[in-house]
Amino acid sequence: MIPFLILAFVLSKGKGSFLIAGYNTLPAEKKADYDEVALCKFMGKIMYAISLGILLVGLSEVLANQLLLVIGIIVFVVSIVFALIYLNTGNRFKKR
């Protein structure tokens, strides 16, 4: 969970775009079309949500609580599905 929190912190500051898969492989001309800071901040928020899911799964093991496991998995999966849908619809991060 610690690496995810570190990445979330870096991304939420608007830095670390080279860590975002797909974006880092774009040519410079195409990267200029995107709002890099907004994209990094959004990915930082998603990383915080994923970290929460991992924390809940870990706590479920320590506390022997199945409910925390289920909630953690739901948070993890919903965060990823939401991010995929949000990022790939509506051209939200393109510069205007």
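Hydrogens, waters and symmetry mates play no part in the numbers below; they use all other heavy atoms, side chains included.
- Take Pro27 and apply the side chain to side chain contact (heavy atoms under 4.5 Å, CB included) test, not counting sequence neighbours, and it matches Glu29, Lys30.
- For Ile6, the side chain to side chain contact (heavy atoms under 4.5 Å, CB included) partners two or more places apart in sequence, or in a different chain, are Ile2.
- Hydrophobic clustering keeps Leu68 apart from Val70 (ILVMFWY residues linked when any side-chain heavy atoms are closer than 4.5 Å, directly or through intermediates).
- Between Cys40 and Ile20, the shortest heavy-atom distance links the atoms SG-CD1, 4.1 Å.
- Residue pairs meeting the side-chain hydrogen bond (donor to acceptor under 3.5 Å, both in side chains) criterion with at least one partner in residues 33-49, sequence neighbours excluded, are Ser17-Glu36, Tyr23-Glu36.
- If you chain together hydrophobic residues whose side chains sit under 4.5 Å apart, Leu39 and Val37 never meet in one group.
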Sequence neighbours left out, cut at 3.5 Å: what donor-acceptor pairs do the side chains of residues 72-92 make with other protein atoms?
| residue | atom | partner | partner atom | Å |
| --- | --- | --- | --- | --- |
| Ser79 | OG | Val75 | O | 2.6 |
| Asn88 | ND2 | Leu84 | O | 2.8 |
| Thr89 | OG1 | Ile85 | O | 2.8 |
| Thr89 | OG1 | Arg92 | NH1 | 3.0 |
| Arg92 | NH1 | Tyr86 | O | 3.0 |
| Arg92 | NH1 | Thr89 | O | 2.4 |

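- Under a hydrophobic clustering in which Ile, Leu, Val, Met, Phe, Trp and Tyr are joined whenever their side-chain heavy atoms come within less than 4.5 Å, directly or via other members, Leu56 and Phe4 fall into the same cluster.
- The two residues Lys31 and Leu26 make their nearest non-hydrogen contact at CE-O, 3.3 Å.
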In residues 57-65, what donor-acceptor pairs under 3.5 Å come from side-chain atoms, sequence neighbours left out?
| residue | atom | partner | partner atom | Å |
| --- | --- | --- | --- | --- |
| Ser60 | OG | Val57 | O | 2.6 |
| Asn65 | OD1 | Leu67 | N | 2.9 |

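- Summarising the geometry, atom CG belonging to Leu55 is positioned 4.5 Å from atom CE belonging to Met1; distances are rounded to the nearest 0.5 Å.
- Following chains of ILVMFWY side-chain contacts shorter than 4.5 Å, one cannot reach Val10 starting from Leu5, and the two form parts of different hydrophobic clusters.
- Evaluation of the ring-ring contact (aromatic ring centres under 6.0 Å, His included) rule for Phe93 yields Phe42 as partners, not counting sequence neighbours.
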